[in-house]
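Structure first, then comments.
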Amino acid sequence: MQLTYKGLADVEAWKRAGIALPTYDFQALADRTRKNPLWVHFGIGNIFRFFIGGIADKLISDGDMDRGITCVETFDYDVVDKIYEPFDNLALSVTLYGDGRTDKRVLAPLTEAVKAQSSDSKAWSRLKEIFTSPSLQLVSFTITEKGYALHNLEGKYFPFVQADIDNGPDKSVGAMAVVAAMLFERFKAGAKPLALVSMDNVSQNGKKLRESVIDMSQKWCEKGFVSSEFVNYVSDEKRVSFPWSMIDKITPRPSESVAKSLEEAGVENMQVVITSKKTYIAPFVNAEAPQYLVIEDNFPNGRPALEKGRGVYMTDRNTVNLSERMKVTACLNPIHTALASYACMLNYEMFADCVKDPELAKLAHVVGYDEGLPVVEDPKILSPKDFIDEFINVRVCNSYLGDTSARIAVDMSQMVGIRFGETIKAHVARYGTAEKLVGIPLAIAGWLRYLLALDNDGKAFELSPDPMIPELQKQLAGIEFGKPDSVGEKLQPILKNKHIFGVDLYEVGLGSKIENMFREEISGAGAVRAVLKKYLG
């Protein structure tokens, strides 16, 4: 049993293995999509393949969509070479339930995988061909927070972004430059309308995507690479829209145990791959069952019947914003991020285990229920209380997900401001100060303590990937475990940095509190646990 077009021919073998197959002609679907692309997606990793691919699979199966998704990768080209092409772009989804049940099915709506590589003339030409197609309606994204970032902590362009600005559209490397370059091709081919939909866990993700694309376009205009008419095109949301969205589905790294069970069932070559850029990916994707995708309904060139996908809500921008704020700043992501640092320092490899820890369970409750929920506005289409209840009692404790603390801790520097800053500002707006907060200051202190790469006993451990670690550790240089006085004023540049938190934490009554918590947490072996007990009562 091989996960290829040819390998799916033995329908009975897959049926005996308990794996559902597509009910549509996937080869004909791929042909139609290549000729007249409808939907392009950037960032073709695990959550995309399972969640977005699953939505498309249902629409196609039900006759509500007649083309698949064209997949574009801007960062890790190994994903195309090792996971897409060898398996004819097929994916095997494995839903993991809290009681140990699984649901397995082959997904076939991902019809083509293209590397967004300007140095590869064939791939670059194909990408231009796709974007100039009048049939193209939407471009979606799951490229993580850092994919939209153009500036460092000092507000200056990252070197690769500056290079993209200086080199122009046809030598683009970064994701935002590639997108702007493809929009320029569409503009030259008749300026057909298009929707660009960020589906990342980023506050006001559509706004962030739009600002980055327009910023790149304006810089190119200043250098003479593009015209002002092109800048007007990407700035006109009646022609190029940037719908906001909220997405939610816990999709951990592919599990070795799932790979083993699939191979025992007869499916070949299911091994997990770790790419050269440290992406953990496999021919299958394992994830939880709950899923939510709330999208602003603003598609100037039309769209598929997305509302018919499971867990999809089409609505207005304000409702999307409220749903996203509910999740990202109060009812889910802040809890994830608050626990991640401490889970790593307390040596919880599996994230589901850390929520059974009495102190970390209390931290989750304080950050979510006590500090987030009171200041979050109800989006109406989803209940904040029900959402956080499901997250705490059903989702995060699902040990069958096999999610690791290290995965949750990836790129935390890109998240702490979004996930804590908004609630801090909401408390300031309501109470005049944020000084009564306890869980969020503990979370920030824990993140800074985590950056020392020493666990609760003072033993070294490996930090999860994060683009800002070198710069942050440079600012923390000289702080010594067991010597609280070594902290001095070293935390102040970070805690005052509005680029990180959106506020100066000293001005809102939290800076000194976080400093004190941090000093206590480095005082010696066992101090991390002791601080949690002290402040959480």
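Residue pairs meeting the side chain to side chain donor-acceptor pair (under 3.5 Å) criterion with at least one partner in residues 520-537, sequence neighbours excluded, are Y342-E521, D357-R529, E359-R529, E520-K534, E520-Y535. For residues 363-376, every residue pair satisfying the side chain to side chain donor-acceptor pair (under 3.5 Å) rule, not counting sequence neighbours, is listed here: Y369-D389. Within the structure, every pair that satisfies the salt bridge (charged side-chain N to carboxylate O under 4.0 Å, His left out) test and touches residues 482-495, not counting sequence neighbours, is listed here: E480-K483.
Checking D215 against Y157 by side-chain atom types alone, a donor-acceptor pair falls below 3.5 Å. Side chains of Y148 and S198: a donor-acceptor N/O pair is present below 3.5 angstrom, by distance only. Side-chain contact of S172 with D164: a donor-acceptor pair under 3.5 Å is absent, judged by distance alone.
Classification of R519 and E515 as a salt-bridged pair holds, one side-chain N sitting under 4.0 Å from a carboxylate O. A salt bridge links K115 with D81: at least one charged nitrogen is closer than 4.0 Å to a carboxylate oxygen. Classification of K277 and D78 as a salt-bridged pair fails, no side-chain N sitting under 4.0 Å from a carboxylate O. Checked for salt-bridge contact, K425 and E422 meet the test: a charged N lies under 4.0 Å from a carboxylate O. Taking 4.0 Å as the cut-off between side-chain N and carboxylate O, E390 and K327 do not count as a salt-bridged pair.
Taking the centre and axis of the six-membered ring of F481, the NZ or CZ atom of K459 falls outside the cone set by 45° and 6.0 Å. Cation-pi contact between K207 and F242: absent, since separation from the ring centre below 6.0 Å together with deviation from the ring axis within 45° is not met.
In this structure, H427 and Y431 have tilted ring planes: the angle between them lies in the 30° to 60° band. Between F48 and H41, the ring planes lie parallel to each other; the angle is under 30°, not in the 30° to 60° tilted range.
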For this session: Show the numbers, then the answer: is there a salt bridge (charged side-chain N to carboxylate O under 4.0 Å, His left out) between K496 and E507?
Result: CA-CA 8 Å; K496 289 181 177 180; E507 292 178 355; over 6 Å; no
